[in-house]
Amino acid sequence: MTSHMDTDEQSVVLPSSTTSGLSLSLHPLPILNISEHLTRLKLQTRSNSPFVLGALLGTQNGREVEIVNTFELATEEGRDDLVDHGFLVSRRDQYKQVFPSLEFIGWYTVAPVPTSRHIAFHEQFTGYCSTPLLLVLQPSTIAPPSSDITGQTLPFKAYEPTIEIRDKKTRSVFIEAPYKVETGEAERIAVDWTAKGGGGSTSLESHLQAQRAAVKMLHERILVLVQYVTNVIAGQVPTDHTTLRSLSALIASLPASENKSFREEFNTEYEDVQLTAFLSSLTKSTNILNDLVDKHLVLTVGSREDRAIPGPRRRGMGRQGMVSGDWAMHS
């Protein structure tokens, strides 16, 4: 199934003159997630138009909706027109344990325009939300040229479901809902870090970059002096005794670098620096592994509670609803 679904003769989107009245806020994380999902599927399937399907998580207060996060969805094996509801429920419950305030509020896909096949998919999500939203990524949309990057339009469109009565018959349609991009302080830092390539610039890295630039400049200037002395010896440039005396004094002021004590001290400091870098890398890897184990423990709590025999809650529950034996099992 491709994202370019068959186009019907009759549009399922009401004209722009019909207003939604929905106050919708879109955060940067869903934008990045959906874009990454599409790019990854293009590389995996080697197709320019893979079928993209995912769920939207956020908060809703009346007509005010915020889309905060997303996760990918799967279809039934052999049926690309049916959502794998078991996978959806499992992933939704896992996110609910980590982010209790987020609810399922809709789904997303990639397509030029919504069609009747989107309506069929949309009706499969009404059991999880009374009015699920649809967020469509339109990568083929060409934005008008603008010198102001922040003023350019994102290739996303949000739709709210509604019912249209035509010729005494009702049918499900979409209304385009305007949205605004809302960014928190933490999200601004993350987006800025991503835009710079995720270099993870730290104070140590900045210090090393400055040291490298200084050594490079020193090396270039030494090459200039060596070239000057070579040209003087070859008679290509006139002899300047003042410059040569300055070079001789500079060389005489440098410490001897080939004696045994200097080499031993240099090797000792070099080994200390290498050991420090190794310990720093080992500590960072240990922290990443510890975070991964914590996330694994959080995600496995729900599946264990689902398999538990119905009845009164067992005693001895540990942190985050985990029985006391779970820590020993994962340790």
Side-chain angles (χ1 to χ4, degrees), residues 3 20 22-41 51-75 82-111 114 118 121-138 154-161 174-191 194 291-292 294-303 305-306 320-321:
S3 61
S20 170
L22 188 69
S23 177
L24 180 61
S25 300
L26 179 62
H27 286 252
L29 183 57
I31 299 175
L32 297 177
N33 287 346
I34 299 173
S35 302
E36 186 273 336
H37 189 186
L38 173 61
T39 304
R40 177 161 35 84
L41 286 182
F51 177 57
V52 179
L53 181 66
L56 302 176
L57 297 177
T59 59
Q60 183 170 2
N61 184 13
R63 300 291 292 171
E64 297 181 358
V65 180
E66 287 191 22
I67 302 176
V68 180
N69 204 346
T70 65
F71 63 85
E72 301 174 18
L73 292 178
T75 56
L82 292 178
V83 179
D84 188 341
H85 294 279
F87 179 81
L88 190 159
V89 173
S90 175
R91 293 286 288 168
R92 182 197 61 182
D93 293 343
Q94 290 172 355
Y95 271 88
K96 189 68 175 177
Q97 293 178 6
V98 183
F99 307 102
S101 61
L102 300 185
E103 301 287 347
F104 178 90
I105 59 174
W107 63 292
Y108 69 83
T109 188
V110 177
H118 290 98
F121 259 101
H122 196 82
E123 292 175 350
Q124 300 181 47
F125 296 104
T126 55
Y128 307 97
C129 179
S130 58
T131 55
L133 301 176
L134 171 61
L135 185 64
V136 178
L137 170 60
Q138 301 173 327
L154 293 174
F156 283 90
K157 285 192 176 181
Y159 297 94
E160 181 186 10
F174 291 115
I175 301 178
E176 183 176 348
Y179 65 88
K180 62 179 180 179
V181 178
E182 184 171 332
T183 308
E185 183 64 27
E187 292 172 324
R188 279 194 291 270
I189 296 174
V191 170
T194 304
D291 292 340
L292 181 62
D294 290 341
K295 293 177 181 178
H296 174 71
L297 293 176
V298 171
L299 293 177
T300 52
V301 169
S303 58
E305 291 180 351
D306 292 340
Q320 297 179 346

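Side-chain atoms are counted along with the backbone in the values below, which use heavy atoms only and exclude waters and symmetry mates. What you are looking at is a predicted structure, and each value in this text was computed from that prediction instead of being measured.
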Study note, to complete from the structure: Quick note, salt bridge (Lys or Arg N to Asp or Glu O under 4.0 Å) partners involving residues 121-131, not counting sequence neighbours, are none
Review point. Got a sec, which pairs hit salt bridge (Lys or Arg N to Asp or Glu O under 4.0 Å) with one end in residues 22-39, sequence neighbours left out?
Key: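 As it turns out, the salt bridge (Lys or Arg N to Asp or Glu O under 4.0 Å) pairs with a partner in residues 22-39, which skip direct neighbours, are Glu36-Arg40.
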Exercise for review: With sequence neighbours excluded, tell me which residues meet side chain to side chain donor-acceptor pair (under 3.5 Å) with Tyr179.
Suggested key: none
Practice item. Output all residues satisfying side chain to side chain donor-acceptor pair (under 3.5 Å) with Lys295, sequence neighbours left out; order by chain, then residue number. Key: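 None.
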Review point. Hey, is the main chain of Leu56 close enough, under 3.5 Å, to the side chain of Thr70 for a donor-acceptor pair?
Key: no
Check your understanding: Do Ser90 side-chain atoms and Gly86 backbone N/O form a donor-acceptor pair below 3.5 Å?
Key -> no
Minimum heavy-atom distance [X]-[Y], with the two atoms named:
| X | Y | answer |
| --- | --- | --- |
| Tyr128 | Arg92 | CD2-NH1, 3.5 Å |
| His122 | Trp107 | ND1-NE1, 2.8 Å |
| Pro132 | Pro161 | O-CD, 3.2 Å |
| Leu22 | Arg63 | CD1-O, 3.3 Å |
| Ile31 | Val181 | CD1-CG2, 4.4 Å |
| Ala55 | Phe104 | CB-CE1, 3.5 Å |

Please enumerate all residues that pass side-chain contact (heavy atoms from CB on, under 4.5 Å) together with [X], with sequence neighbours excluded.
| X | result |
| --- | --- |
| Ser25 | Glu66, Lys180, Glu182 |
| Leu29 | Asn33, Asn69 |
| Glu176 | Lys157, Tyr159 |

Check your understanding: Between Glu103 and Lys96, is the closest basic N to carboxylate O distance under 4.0 Å?
Key -> yes
Review point. Quick one: CZ on Arg91 to CG on Leu299, what's the gap to the nearest 0.5 Å?
Key: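 That separation rounds to 7.5 Å.
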Within-4.5 Å side-chain heavy-atom neighbours: [X] and [Y]:
| X | Y | value |
| --- | --- | --- |
| Leu53 | Glu72 | no |
| Leu134 | Val136 | yes |
| Pro178 | Leu24 | no |
| Leu41 | Val110 | no |
| Leu137 | Val52 | no |
| Ile34 | Phe156 | yes |
| Gln124 | Leu82 | yes |
| Leu88 | Phe125 | yes |

Exercise for review: Describe, in one word, how the ring planes of Tyr108 and His37 are oriented to each other, choosing from parallel (under 30°), tilted (30 to 60°) and perpendicular (over 60°).
Suggested key: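 Aromatic pair Tyr108/His37 classed perpendicular.
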Study note, to complete from the structure: Contacts of Phe71 meeting ring-ring contact (aromatic ring centres under 6.0 Å, His included) (sequence neighbours excluded), chain-then-number -> Tyr95
